[in-house]
Amino acid sequence: MTGERIEIVRPDDWHLHLRDGAMLEAIVGFSASVFGRAIVMPNLVPPVRTPAEAEAYLARIRAALPDGHPFEPLMTAYMTDDADPDDIGAGFENGIFRAVKLYPAGATTNSAFGVTRMEAIRPVLAKMERIGMPLLVHGEVVDPAVDVFDREAVYIERVLDPMRRDFPGLRVVLEHVTTVEAVDYVRAADGGLGATITPHHLMIDRNAIFRGGIRPHMYCLPVAKRERHRLALRAAAASGDSRFFLGTDSAPHPRRDKETDCGCAGIFNAPNALQCVAQVFDEEGAFDRLEGFVSRAGAEFYGMEPNSDRIVLEKGVGSETPGEAVTVGDDTVRVFEPDTPVSWRIVSGLR
Ligand code: NCD
Ligand code: ZN
C-alpha cells in the first residue's frame, strides 16, 4: 500500500526519556498525545532504583498530564552494582517495574551510577531470568581504548553474548541498535532477544553530525554510524521481523547543555518521531509493515495487547513541521530536524 493516508493502531514508545521537573512538564505531552504507552528510562539524577522511587516518579509524570489522561508510563529500574534482587523482583511482581535498565557506568548521559562489574549483578540477573523480567541494555563498552564507533559491536562480543550464554532464559532488549553487527546478532538469536530502533538512526548517518560544521543536535549515544549501518537498520525495521520495534530514545537537553565545549548526548524527537518513521517506511516501500514496527512488535515482546484505538497519518503537500524548539524555563530544547523532508503528519487520534 502506498496510500496518501494510513490508519494504524496507536503506537507505543519502548524507550523514552521523560526527565523531571520543568523539563518533564514541558515535554511529556508530545509523547502522551501520540503514544499509548512508553517505557520510561530511569536515568534521573539520582536514578530511579527502588519501587518506591518509581512510584513517586510515576506520580510526578501523571501530575504533569491533564487529569485522567490515558497515556500509560511503564516504569523501569536503574541497575547498579548493589541492586537488591528481592527489591527489584518485588517491584516487577507488584507491577510497578516492567524492566531493568542496564547502563555500563560512564557509557552515556547520567550513567555515573551504572554497573561497573557484570559479576556484581549476577544475582539480580538470575532473579530476573527466573521471574521473566526483561533486561534493557545500553550496549556500549566504556573501555577508552575502543573507538567510539566500535563500542556497540565490541559490547556484543565482550559482554552481551557471554551474559546471554550464562542466563539463556533472560529476556533482553538491546536498546537503540546502530550497527550491522547488532542487527545480525539479534537476527541470529534463538529467542528472548529484541531490539529497539530510533527514528534518528533510521534517518541520519554519522556525516550528519559534521555536515557544514559541527552539529551538536545530531549527537546522541550510541553515536550514528556509517551509511551502511543506517541501511541495515532500515532493512531490519522494514522487514516485518517482530524482534525489532520502535524506541524513540527521545532525550531532551536544554540548548545550553548541547551547544557548549563538551555538549551532552541526546536527540529530542518526541514531537516528530512517528512522522519520521512513517516517512522512512514510505521511502522503503514498506507501509504495510509500519503498524507492526510501531504498534505491535514491542507489545508482543513485553506480553501486552496492542492499544485498542487508532491514529491516522496523512501525506501532505506543505505539511506542517513541528516547531523547531520547545521552551523550558529560560532555555529551549531543539527538536530533531532531519536533513531530508518529512511529509507525513498526524491528522487524527491525537489526545
Ligand atoms: C540519553 C539521555 O540523554 O538520557 N542520551 C542519548 O544520547 N541517547 C541516554 C541514553 O539513552 O543513552
Ligand atoms: Zn535512551
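In each ligand, atom 1 is the first atom listed, and ligand 1 is the first ligand listed.
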Handout entry: R226, CZ: over 12 other non-hydrogen atoms inside 6.0 angstrom
Key = no

Problem - Closest protein heavy atom to atom 5 (N) of ligand 1, given as residue, atom name and distance to 0.1 Å - result: A265 O, 3.2 Å

Exercise for the section: Indicate, as side chain, backbone, both or neither, the part of E175 found under 4.0 angstrom from ligand 1 when only non-hydrogen atoms are considered. Expected result: neither

Exercise for the section: Have a look at the Zn ion (ligand 2) and estimate, to 10 degrees, the angle subtended by OD1 (D249) and NE2 (H17). Expected result: 90°

Problem - side-chain hydrogen bond (donor to acceptor under 3.5 Å, both in side chains), paired with S343, selected from E314, K315, Q279 - result: Q279

Exercise for the section: Indicate, with yes or no, if the rings of F287 and W344 have centres closer together than 6.0 Å. Expected result: yes

Fill in the blank from the handout: Closest to atom 9 (C) of ligand 1 among protein heavy atoms sits T108 OG1, 3.4 Å

Exercise for the section: Measure from NZ or CZ of R98 to the centre of the six-membered ring of Y302, then state whether that distance is under 6.0 Å and the direction lies within 45° of the axis. Expected result: no

Handout entry: N43, portion touching ligand 1 at heavy-atom distance under 4.0 Å
Key = side chain

Completion exercise
Atoms of ligand 1 under 4.0 Å from any heavy atom of C220, numbered from 1 in the order shown, are 7 (O)

Handout entry: H138 neighbourhood, listing ligand 1 atoms whose heavy-atom distance to it stays under 4.0 Å
Key = 12 (O)

Exercise for the section: Kindly confirm whether the Zn ion (ligand 2) is within less than 2.8 Å of some N/O/S atom in H15? Expected result: yes

Practice task
Check each atom of ligand 1 against the heavy atoms of H15 and keep those under 4.0 Å away; list them by number with element.
Solution key: 11 (O)

Practice task
Could you tell me whether E119 and R122 make a salt bridge, using a distance below 4.0 angstrom between a side-chain N and a carboxylate O?
Solution key: no

Exercise for the section: State the atoms of ligand 1, each with its element, that fall below the 4.0 Å cut-off from a heavy-atom position in G266. Expected result: 5 (N), 6 (C), 7 (O)

Problem - Winner among H176, M41, R19 once heavy atoms are compared against atom 2 (C) of ligand 1 - result: R19

Practice task
Look only at the side chain of K258 and the backbone of Y219, and say whether a donor-acceptor pair between them is shorter than 3.5 Å.
Solution key: yes

Practice task
Identify the residue among R164, R165, R158 that makes a side-chain hydrogen bond (donor to acceptor under 3.5 Å, both in side chains) with D161.
Solution key: R165

Exercise for the section: Please confirm whether Y103 and Y78 have ring centers closer than 6.0 angstrom. Expected result: yes

Practice task
Could you tell me the residue and atom name of the protein heavy atom closest to atom 8 (N) of ligand 1, and the distance to it rounded to 0.1 Å?
Solution key: D249 OD2, 2.7 Å

Handout entry: Nitrogen or oxygen of H253 less than 3.5 angstrom from that of ligand 1
Key = yes

Practice task
Measure the distance from atom 11 (O) of ligand 1 to every protein heavy atom, then report the residue, atom name and distance (to 0.1 Å) of the closest one.
Solution key: H17 NE2, 3.1 Å

Handout entry: Ring-ring centroid check H138 H176, cutoff 6.0 Å
Key = yes

Fill in the blank from the handout: Restricting to heavy atoms, the pick from T198, I267, L221 nearest atom 7 (O) of ligand 1 would be L221

Exercise for the section: Using the six-membered ring of F301, assess whether NZ or CZ of R171 lies under 6.0 Å from its centre and within 45 degrees of the ring axis. Expected result: yes

